[in-house]
Amino acid sequence: MEKSRQPGEAAAADQTVLGMSIKAVLQHARRSHALVGAQEPDDFDVVGACYEVHASRLQLLAALNAQERIDQLNDLMRGRADAGLEVQFDRPAVRTMRRDIHDSVFQAMADWRTAGQRLTRCAKILPSQLRQDVQWPTALATVRWLGLSRTTGHLLREAQCHYMECRALLEIARSQYERARRERLAADKAFSLGAATGVRVGEALVAERAHYAALVETEAMHAIGLFRLNRLVLGSAESALA
């Protein structure tokens with residue numbers, strides 16, 4: 001995969017092979033725009049595009065996983081029905097869920113393409129070049145935010161309030177997803193023991209998928225909100241991601 005290169009190109013090439021961090025994407029975007037004499041890209045737009053690509057990637061993987069699970073459930077129910085062990089009227093409900101989940105895969109693919117196109121426009125990279133284990137901004141000490149917000153005015157106070165709202169929403173989303181996951185696992189176990197219908201399993205799977213989608217979206221919103229706050233406090237995008 002590698003080709004002969006100058007020593008100074010080694011780090012950049014390794015980032016491409018292993019995946020670029022968000023800091024590396026920011027630096028690449030600035031260089032790429034400077035080379036063609038274009039206006040420097042907005043750091044917030046680049047970072048937002050990175051998190052959007054990361055979120056859409058997770059959503060696509062989750063949709064594919066849900067599709068596999070609902071297909072397996074449908075096959076199991078068909079086998080049980082053929083053996084006279086499954087209630088026939090459960091199957092149409094599960095087929096409807098299956099169709100909806102399959103549709104969600106196509107939507108997730110479209111969202112992934114849209115997010116990738118946005119990243120390519122503002123950062124001049126392909127979405128596949130972004131590392132899968134993206135950097136999450138680190139929260140600064142709240143007392144530092146409070147101290148600075150008293151001296152730097154409305155903009156920072158607004159960013160801090162927005163971040164605190166995002167953090168609260170993230171905690172709620174995590175709790176809801178964990179509860180939905182436990183319920184889906186319980187439904188799977190009960191179904192394997194013959195103590196739950198396929199409809200219960202399908203409904204639990206759909207609920208888990210919906211809560212995971214909400215969690216991923218909230219995680220991205222939280223990360224962008226924290227990046228914005230850190231950027232205002234620290235003065236540079238690189239420091240905001242540390």
Quick check for you: to the nearest 0.5 Å, what is the distance between [X] atom [atom1] and [Y] atom [atom2]?
X: Gln72; Y: Ile70; atom1: CD; atom2: CD1; value: 10.0 Å
X: Asp188; Y: Leu193; atom1: CG; atom2: CG; value: 11.0 Å
X: Asp45; Y: Glu52; atom1: CG; atom2: CD; value: 10.5 Å
X: Glu217; Y: Ser56; atom1: CD; atom2: OG; value: 12.0 Å
X: Ile101; Y: Asn65; atom1: CD1; atom2: CG; value: 10.0 Å
X: Arg57; Y: Leu130; atom1: CZ; atom2: CG; value: 5.5 Å

Spell out, yes or no, whether [X] and [Y] are grouped together once hydrophobic residues are joined by side-chain heavy atoms under 4.5 Å, including indirect joins.
X: Phe44; Y: Leu26; answer: yes
X: Leu229; Y: Met221; answer: no
X: Met164; Y: Leu226; answer: yes
X: Leu215; Y: Leu60; answer: no

Residues that Arg30 engages under side-chain hydrogen bond (donor to acceptor under 3.5 Å, both in side chains), provided they are two or more places apart: Asp43, Glu238

Val134/Tyr51 under side chain to side chain contact (heavy atoms under 4.5 Å, CB included): CA gap, chis, key distance, verdict: CA-CA 8 Å; Val134 300; Tyr51 285 123; 4.1 Å; yes

Donor-acceptor under 3.5 Å ([X] side chain, [Y] main chain):
X: Gln27; Y: Ala24; value: no
X: Thr120; Y: Ile125; value: yes
X: His211; Y: Glu178; value: no
X: Ser32; Y: Ala29; value: no

Test side chain to side chain contact (heavy atoms under 4.5 Å, CB included) applied to Gln59 and Arg209, step by step: CA-CA 9 Å; Gln59 298 284 24; Arg209 170 75 184 93; 3.3 Å; yes

Stepwise side chain to side chain contact (heavy atoms under 4.5 Å, CB included) check, His28 with Met20: CA-CA 9 Å; His28 174 82; Met20 299 174 72; 3.7 Å; yes

Write down the atom of [X], the atom of [Y], and the distance for their closest heavy-atom approach.
X: Pro127; Y: Val53; answer: CB-CG1, 3.9 Å
X: Phe191; Y: Ala196; answer: CD1-O, 3.3 Å
X: Ala187; Y: Val201; answer: O-CG2, 3.5 Å
X: Glu208; Y: Ala180; answer: CA-CB, 3.8 Å

Salt bridge (charged side-chain N to carboxylate O under 4.0 Å, His left out) assessment of Arg228 paired with Glu158: CA-CA 10 Å; Arg228 179 189 178 201; Glu158 183 182 77; 3.2 Å; yes

Ile22 vs Phe227 side-chain heavy atoms within contact, under 4.5 Å: no

Heavy-atom side-chain proximity of Met97 to Val199 below 4.5 angstrom: yes

Check against side chain to side chain contact (heavy atoms under 4.5 Å, CB included), Leu119 and Lys124: CA-CA 7 Å; Leu119 180 63; Lys124 309 304 180 188; over 6 Å; no

Do the side-chain N and O atoms of [X] and [Y] include a donor-acceptor pair separated by under 3.5 angstrom?
X: Gln107; Y: Asp111; value: yes
X: Thr218; Y: His222; value: no
X: Gln67; Y: His102; value: yes

Glu203 bridged to Arg184 by N-O distance under 4.0 Å: no

Under-4.0 Å salt bridge between Asp103 and Arg99: no

Residues forming a side chain to side chain contact (heavy atoms under 4.5 Å, CB included) with Leu58, sequence neighbours excluded: His54, Tyr212, Val216

Throw together a table of side-chain donor-acceptor distances under 3.5 angstrom for residues 169-177, partners on residues two or more places apart or in other chains.
none

